Peer 1: 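I'd like to ask some things about the structure below.
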Amino acid sequence: MSYMALYRKWRPVVFEDVKGQDPIVQTLKNQITSGRIGHAYLFCGTRGTGKTSIAKIYARAVNCENPRNGSPCNECAACQAILAGRSMNVIEIDAASNNGVENIREIREQVQYPPTEGQYRVYIIDEVHMLSSGAFNALLKTLEEPPSYVIFILATTEVYKIPITVLSRCQRYDFKRISLETLSARLKELTDAEQIPVEERALRYIAKMADGSMRDALSLLEQCVAFHYGTTLTYENALEVLGAVDSTVFSNLLRAVLDKRTTDCIRILEEMVIQGRDLGQFVADFIWYLRNLLVLKSADEEETLLEMSEDNLKLLREEAKLVDTDTLMRFIRIFSDLSNQLRYASQKRVLIEIALIKLTRPQMEENLDSILQRLTDLEKRLDETPAVTPELLEQMAVRTAPAAGEAAPVQAAQPEKVMLPKAQYEDLMQIRKDWPVIIRDLGGSIRPAFRESELEPGGEQCLCIVFQNAGNFQIASRPTVLGQLEQYVKEKYQKDMNFKVRLRGPGEIARRMYLCEGEAEQVIHTEITIED
């Protein structure tokens with residue numbers, strides 16, 4: 001006997017064999033057991049989800065002499081004839097090649113004659129959306145009022161192309177994609193029956209690549225087994241045959257992108273090319289990897305949305321800490337656009353390299369999310385830059401002191417020393433030290449307006465914010481802004497501080513050094529008198 005492909009050999013023959021479509025199966029079984037048989041059905045959904053298989057099972061079930069719980073027995077003469085393709089009661093029509101009005105007229109002529117054996121004549125029209133407008137119109141009357149012994153089962157992957165007049169005459173059943181667990185369990189069941197040695201991790205990866213299609217899963221499994229016939233099918237073997245990439249490569253690629261290491265990104269891509277990986281699949285898998293990171297950062301119960309092991313989930317959590325949500329959305333947009341371009345591109349590698357350069361260099365783009373990315377990078381660098389204080393200026397002056405034999409630079413004016421009570425000094429120093437962090441945490445209009453501001457004492461439990469720019473001064477003068485700042489300080493430092501603002505005067509130079517009265521007295525061992 002000639003070899004038969006796995007998806008044909010293991011096609012379901014009873015409703016119990018159908019996986020992943022339990023609501024539809026149960027509904028059809030109930031119709032058969034109760035005798036409430038409809039005259040027109042529309043099965044719609046993605047490829048490989050069981051539309052044609054269920055249609056054939058249903059055709060046998062309605063003609064079966066001894067149905068069992070709604071399923072055909074597959075042993076009676078009617079079932080055997082339909083299984084062998086000898087029965088005149090079940091007619092399968094491919095609408096892709098029989099889509100004209102004359103083909104539908106033939107059907108209209110045939111339905112006038114009752115079946116010679118069995119109860120129903122069943123017409124299964126596959127890819128029905130391929131029918132022409134005239135063919136659909138010719139089918140309408142027959143579809144609405146067929147003879148009592150005729151059943152139409154229409155199957156399509158593009159239901160939006162079906163005229164509403166046809167939809168309204170059919171019972172519609174939407175076939176959903178089959179889950180990863182269901183696909184993996186079915187593949188495990190079949191490999192055990194076929195005595196094929198395979199790793200469970202490889203089966204899960206094949207199920208993932210099938211994207212909810214049982215037929216695609218069986219075809220991919222058969223392809224991998226054929227390449228590594230006689231040996232155990234491992235996860236690495238599956239990656240090799242399907243031209244896919246291990247997730248660790250995407251982790252390294254993401255880190256290189258975030259660190260702006262363009263050369264390393266291109267080298268990773270070059271390694272994929274050398275290994276013979278499919279570049280289109282590489283892009284699709286990287287988009288899915290970024291999607292998982294986005295879900296991990298956005299959803300509350302991410303474990304239920306990410307179908308992966310706990311070890312992989314742990315690694316993904318570490319990656320998620322390195323990147324923010326807006327950046328991930330920008331990456332996904334760029335690679336989604338790239339995925340559409342690759343379909344008809346002859347130089348796929350060049351397009352991917354350009355996309356990687358865009359990821360590492362946001363300045364190449366002028367759209368909104370790229371500008372936001374550049375602003376985020378700039379703010380990060382500014383936050384990491386230490387604030388310029390009089391103390392820092394003195395340290396810089398010491399470091400730039402002239403060497404022996406060099407001319408001494410012009411001596412800068414000595415800062416004015418201001419003595420403060422200990423409580424005021426401590427409040428000023430503590431808030432001054434954390435001022436960049438406070439500005440960043442408050443965000444909103446405070447973040448850009450307060451970036452070049454400075455603090456000076458304003459009295460007991462009061463600090464004054466000094467601005468150089470009049471526009472920023474106007475923003476800071478709002479009571480809501482100062483109230484927000486005071487509330488933040490109260491919650492974080494448990495201090496009731498008041499804030500006021502002023503605009504630096506023309507020619508005014510910030511050259512003040514604040515000292516604590518008690519500490520200064522200890523240093524010079526004498527009492528300090530502050531004159532009015």
Side-chain angles (χ1 to χ4, degrees), residues 208-209 211 239 242-299 302 306 312 315-385 440 443 447-448:
K208 176 186 173 184
M209 293 291 291
D211 194 24
L239 291 176
L242 301 179
V245 181
D246 192 8
S247 59
T248 56
V249 175
F250 299 130
S251 174
N252 296 333
L253 180 60
L254 178 65
R255 291 175 183 270
V257 168
L258 295 177
D259 294 339
K260 305 293 188 293
R261 292 184 277 117
T262 307
T263 303
D264 291 344
C265 294
I266 295 178
R267 285 175 178 169
I268 292 174
L269 176 62
E270 183 179 10
E271 184 65 24
M272 296 298 101
V273 174
I274 293 174
Q275 294 179 9
R277 305 302 189 192
D278 181 78
L279 294 183
Q281 189 62 47
F282 171 79
V283 171
D285 288 347
F286 188 53
I287 294 174
W288 190 258
Y289 174 80
L290 296 174
R291 172 262 180 192
N292 290 341
L293 285 174
L294 186 62
V295 169
L296 194 63
K297 294 183 69 69
S298 305
E302 67 277 0
L306 301 177
N312 289 337
L315 293 175
L316 204 65
R317 290 194 183 100
E318 295 177 2
E319 303 290 339
K321 296 178 182 178
L322 303 176
V323 59
D324 59 82
T325 303
D326 292 335
T327 301
L328 281 175
M329 295 179 67
R330 173 176 171 263
F331 290 176
I332 292 174
R333 177 190 61 79
I334 291 176
F335 263 71
S336 296
D337 294 342
L338 172 64
S339 180
N340 294 328
Q341 297 172 11
L342 290 181
R343 295 179 181 178
Y344 311 104
S346 58
Q347 298 293 335
K348 295 183 179 181
R349 176 176 177 175
V350 176
L351 292 179
I352 298 176
E353 288 175 343
I354 293 174
L356 291 173
I357 294 173
K358 286 182 180 179
L359 296 188
T360 57
R361 299 182 180 179
Q363 60 270 25
M364 293 184 62
E365 296 186 290
E366 297 181 355
N367 47 40
L368 181 59
D369 55 353
S370 298
I371 294 174
L372 293 176
Q373 178 68 38
R374 292 159 61 184
L375 289 174
T376 301
D377 294 342
L378 182 60
E379 290 176 346
K380 183 178 179 180
R381 279 184 283 171
L382 289 174
D383 290 339
E384 294 172 353
T385 304
R440 184 178 67 244
R447 188 166 186 171

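Position 1 is the first residue of the sequence, and the numbers go up from there. Since the structure is predicted, the reported quantities are computational estimates derived from the model, not experimental observations.
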Peer 1: Over all heavy atoms of both residues, which pair between Lys348 and Leu342 is shortest? Give the atoms and the distance, please.
Peer 2: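 Result for this residue pair: CE-O, 3.3 Å.
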Peer 1: Give the minimum heavy-atom separation between Leu338 and Ala355, together with the two atoms involved.
Peer 2: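 Shortest heavy-atom contact: CD2-CB, 3.7 Å.
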Peer 1: Roughly how far, to the nearest 0.5 Å, is the CD atom of Glu353 from the CD atom of Gln347?
Peer 2: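 Answer rounded to 0.5 Å: 10.0 Å.
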Peer 1: What's the spacing between Leu359 CG and Arg330 CZ if we round to 0.5 Å?
Peer 2: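 Leu359 CG to Arg330 CZ: 6.0 Å, rounded to 0.5 Å.
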Peer 1: Parallel, tilted or perpendicular, judged at 30° and 60°: which one describes the rings of Phe250 and Phe282?
Peer 2: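 Because their plane-to-plane angle lies in the 30° to 60° range, the rings of Phe250 and Phe282 count as tilted.
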Peer 1: Rounded at 0.5 Å granularity, tell me how far CG in Leu293 sits from CD1 in Ile332.
Peer 2: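 If we round to the nearest 0.5 Å, Leu293:CG and Ile332:CD1 are 8.5 Å apart.
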Peer 1: Let me confirm one number: the CG-CG distance from Asp264 to Leu356, rounded to the nearest 0.5 Å.
Peer 2: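 Rounded to the nearest 0.5 Å, the CG-CG separation comes to 11.5 Å.
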Peer 1: Using modelled atom types only, decide if a donor and an acceptor are shared between the side chain of Lys297 and the backbone of Thr325 within a distance under 3.5 Å.
Peer 2: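 Not a single qualifying donor-acceptor pair exists.
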Peer 1: Should Glu271 and Arg267 count as an ion pair when the cut-off is N to O under 4.0 Å?
Peer 2: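 No, Glu271 and Arg267 are not salt-bridged.
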Peer 1: Could you tell me the separation between the NZ atom of Lys358 and the CD1 atom of Ile354, rounded to the nearest 0.5 Å?
Peer 2: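 The distance works out to 7.0 Å.
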Peer 1: Any side-chain heavy-atom pair from Cys265 and Thr360 closer than 4.5 angstrom?
Peer 2: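 Side-chain contact under 4.5 Å: yes.
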Peer 1: Which heavy-atom pair separates Ile268 from Val249 by the least distance, and what is that distance?
Peer 2: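 In this case the closest contact between Ile268 and Val249 is CG2-CG1, 3.8 Å.
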Peer 1: Please name the pair of heavy atoms, one in Ala345 and one in Leu351, separated by the smallest distance, quoted to 0.1 Å.
Peer 2: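 Taking every non-hydrogen atom into account, CB-CD1, 3.5 Å.
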Peer 1: Please name the pair of heavy atoms, one in Ala320 and one in Leu296, separated by the smallest distance, quoted to 0.1 Å.
Peer 2: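 So the two residues come closest at CB-CD2, 3.9 Å.
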Peer 1: Could you state the interatomic distance from CG (Leu290) to CZ (Arg333), rounded to the nearest 0.5 Å?
Peer 2: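 Taking CG in Leu290 and CZ in Arg333, the distance rounds to 13.0 Å.
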Peer 1: Is Leu253 close to Tyr289 at the side-chain level, that is, under 4.5 Å between some pair of heavy atoms?
Peer 2: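 Of all side-chain heavy-atom pairs linking Leu253 with Tyr289, none is under 4.5 Å.
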Peer 1: So, for Leu269 and Arg349, which heavy atoms are closest and what is the spacing to 0.1 Å?
Peer 2: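 Closest pair (atom of Leu269, atom of Arg349, distance): CD2-O, 3.9 Å.
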Peer 1: Could you walk me through whether Ile352 and Leu279 pass the side chain to side chain contact (heavy atoms under 4.5 Å, CB included) test, one step at a time?
Peer 2: CA-CA 8 Å; Ile352 298 176; Leu279 294 183; 3.8 Å; yes
Peer 1: Indicate whether the side chain of Asp337 and that of Gln341 have a donor and an acceptor atom separated by less than 3.5 Å.
Peer 2: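 Looking only at side-chain atoms, Gln341 and Asp337 do not form any donor-acceptor pair under 3.5 Å.
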Peer 1: If you define the side chain from C-beta out and look only at heavy atoms, does anything of Leu294 sit under 4.5 Å from Phe331?
Peer 2: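 The answer is no, as the side chains (C-beta and beyond) never meet within the 4.5 Å cut-off.
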